[in-house]
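Reading through the structure tokens given below for one structure.
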Amino acid sequence: MPQISPSRRLRRTPFSDGVEAAGVKGYTVYNRMLLPTVFESVEADYRHLKTHVQVWDVACERQVELRGPDAARLMQMLTPRDLRGMLPGQCFYVPIVDETGGMLNDPVAVKLSEDRWWISIADSDLLLWVKGIAVGYRLDVLVDEPDVSPLAVQGPKADELMARVFGDRVRDIRFFRFDMFEFEGRDLAIARSGYSKQGGFEIYVEGSEIGMPLWNALFAAGEDLQVRAGCPNLIERIESGLLSYGNDMTDDNTPHECGLGKFCNTNTAIGCIGRDALLRVAKEGPIQQIRPIAIAGDPVPGCDRPLGLYADGKWVGQVTSAAWSPDFKTNVAIGMVRLSHWDAGTELDIEVPGGMRRATVQSHFWI
Ligand code: THG
């Protein structure tokens with residue numbers, strides 16, 4: 001494979017020196033920033049994540065900060081999830097939609113206070129859309145990307161490692177809540193969240209200068225816990241049904257097609273820019289939807305394009321993420337499947353590199 005040449009446009013993170021010292025073997029590009037994808041191997045990283053604790057450089061989950069009297073109003077314009085009940089200290093997974101109801105991003109919204117929010121974005125240029133809306137509606141709000149870089153601590157021993165560095169109070173953080181903790185004289189927001197289902201935290205590291213000191217403190221404290229550098233793991237996130245924007249869905253998809261209807265309250269999300277469009281499509285219901293899919297046979301090769309799903313030779317959908325699961329001893333996958341063929345148990349043909357396989361629509365993800 002050819003290499004990707006470094007340049008100023010491809011941003012390093014406050015933790016990149018640590019990631020490279022830990023022997024990162026592969027990167028992807030996410031929000032124009034480096035995101036590690038492999039350390040030892042995807043399978044070895046998976047086993048370690050499910051057994052021990054890992055520190056992840058997810059600085060590429062950039063924050064879009066909203067600050068000012070119209071911050072809450074602007075936040076509600078972006079999403080069909082009703083934010084009226086959301087309190088400071090809470091995080092919400094929020095679909096972001098455009099005026100057609102198409103998905104623009106699927107970030108975590110962090111409510112710091114009534115007039116200060118972070119939108120912890122997936123891989124799309126959400127900052128430009130949010131700035132455009134703020135300017136176009138003449139809102140009294142500042143929109144920018146602050147020097148904030150999430151560092152995730154994930155795995156069954158995450159509580160123990162975090163307690164050693166930040167104190168036992170981290171154990172009291174509830175799921176999708178955050179609290180403030182001191183590190184080297186700075187106050188950092190720490191949430192119980194993260195892009196795995198193995199449990200853990202996300203530290204919103206404010207100020208690049210403390211990136212490597214914090215990275216080193218976590219590794220020093222966790223030696224006997226077998227702490228390692230890790231990264232979002234393809235196998236684990238497919239088993240867990242965690243979606244990847246740009247892979248599993250794009251702006252052509254509504255939240256309902258993505259199975260994110262449970263994060264929408266379109267009737268009461270007054271002010272949401274995509275509300276009318278979503279109310280219209282919700283009446284009919286989606287005609288395709290995200291489904292867990294098992295693919296029979298040997299491990300499928302890594303793939304950078306959708307794999308067609310067929311019934312009696314007719315195209316009925318596509319798989320957009322797939323990997324061999326050592327724990328479930330099958331290929332686990334995420335696909336978008338037409339209504340006529342999305343029932344659990346439906347058997348389909350799938351075109352994988354090197355030939356056709358059988359694929360079965362599952363009733364639920366593997367966790
Ligand atoms: N954490 C933070 N920012 C992020 C991500 C993250 N930005 C990019 C990307 N990940 C955004 N996408 C997701 C997708 C899934 C979840 C979070 C962000 C997630 N979902 C859980 C689920 O679907 O079961 C929980 C949702 C809930 O119950 O509210 O965690 O990971 N900071």
Side-chain angles (χ1 to χ4, degrees), residues 13 15 28-37 49 54-65 78-83 85-87 89-97 103-112 117-127 130 145-146 148-155 158 173-178 188-206 230-234 236-250 253 255 258-265 290 292 320-321 334 364-367:
T13 86
F15 319 111
T28 187
V29 178
Y30 194 100
N31 287 323
R32 290 172 282 113
M33 205 173 231
L34 292 171
L35 170 61
T37 54
L49 168 63
Q54 296 184 344
V55 178
W56 295 2
D57 173 0
V58 283
C60 66
E61 296 169 353
R62 303 312 293 164
Q63 308 306 302
V64 174
E65 178 167 302
L78 302 174
T79 179
R81 185 160 178 183
D82 190 335
L83 302 176
M86 188 177 180
L87 301 168
Q90 284 190 311
C91 308
F92 272 18
Y93 183 39
V94 288
I96 304 287
V97 299
M103 291 283 298
L104 291 180
N105 206 290
D106 69 329
V108 176
V110 180
K111 184 170 181 177
L112 297 158
W117 300 65
W118 284 337
I119 311 174
S120 186
I121 64 171
D123 186 23
S124 78
D125 289 325
L126 195 70
L127 182 67
V130 179
E145 184 185 297
V148 172
S149 296
L151 185 65
V153 177
Q154 301 283 299
I173 305 172
R174 290 155 64 194
F175 185 64
F176 265 59
R177 304 278 176 132
F178 71 87
L188 303 179
I190 300 182
R192 191 181 287 277
S193 57
Y195 199 64
S196 89
K197 291 258 168 114
Q198 303 310 308
F201 301 87
E202 292 179 301
I203 310 164
Y204 291 85
V205 180
E206 212 169 343
C231 51
N233 183 274
L234 179 70
E236 198 276 343
R237 75 113 180 139
I238 296 172
E239 288 178 355
S240 301
L242 294 169
L243 304 182
S244 169
Y245 186 78
N247 286 318
D248 303 320
M249 73 280 205
T250 70
N253 302 118
C258 303
L260 300 179
K262 57 179 177 286
F263 301 109
C264 298
N265 323 91
I290 294 270
T320 44
S321 300
I334 298 175
H364 43 71
F365 283 94
W366 287 266
I367 180 156

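Both counts, for ligands and for their atoms, begin at 1 and track the order of listing. Note that the coordinates shown come from a computational prediction; the quantities given were computed from them, not determined experimentally.
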Residues which pass side chain to side chain contact (heavy atoms under 4.5 Å, CB included) with Asp123, listed by chain and number, not counting sequence neighbours: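 Expected list: Tyr30, Asn31.
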Hey, are the side chains of Gln63 and Pro150 touching, using non-hydrogen atoms and a 4.5 Å cut-off?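 Sidechains of Pro150 and Gln63: in contact.
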Under the criterion side-chain hydrogen bond (donor to acceptor under 3.5 Å, both in side chains), I'd like the reasoning laid out for Thr320 against Asn247: C-alpha separation, chi angles, the key distance, then a yes or no. CA-CA 6 Å; Thr320 44; Asn247 286 318; over 6 Å; no
Lys111: partners by side-chain hydrogen bond (donor to acceptor under 3.5 Å, both in side chains), with sequence neighbours left out: Glu114
Quick one: side-chain hydrogen bond (donor to acceptor under 3.5 Å, both in side chains) partners of Arg192, sequence neighbours excluded?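 So Arg192 forms a side-chain hydrogen bond (donor to acceptor under 3.5 Å, both in side chains) with Asp159.
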Could you walk me through whether Arg177 and Ser193 pass the side-chain hydrogen bond (donor to acceptor under 3.5 Å, both in side chains) test, one step at a time? CA-CA 8 Å; Arg177 304 278 176 132; Ser193 57; over 6 Å; no
Show me, by chain and number, every protein residue that has a heavy-atom distance under 4.0 Å to ligand 1.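 Residues Tyr30, Glu61, Tyr93, Asp106, Val108, Ser120, Ile121, Ala122, Phe175, Phe176, Gly194, Tyr195, Lys197, Glu202, Tyr204, Leu242, Phe263 each place a heavy atom under 4.0 Å from ligand 1, listed by chain and number.
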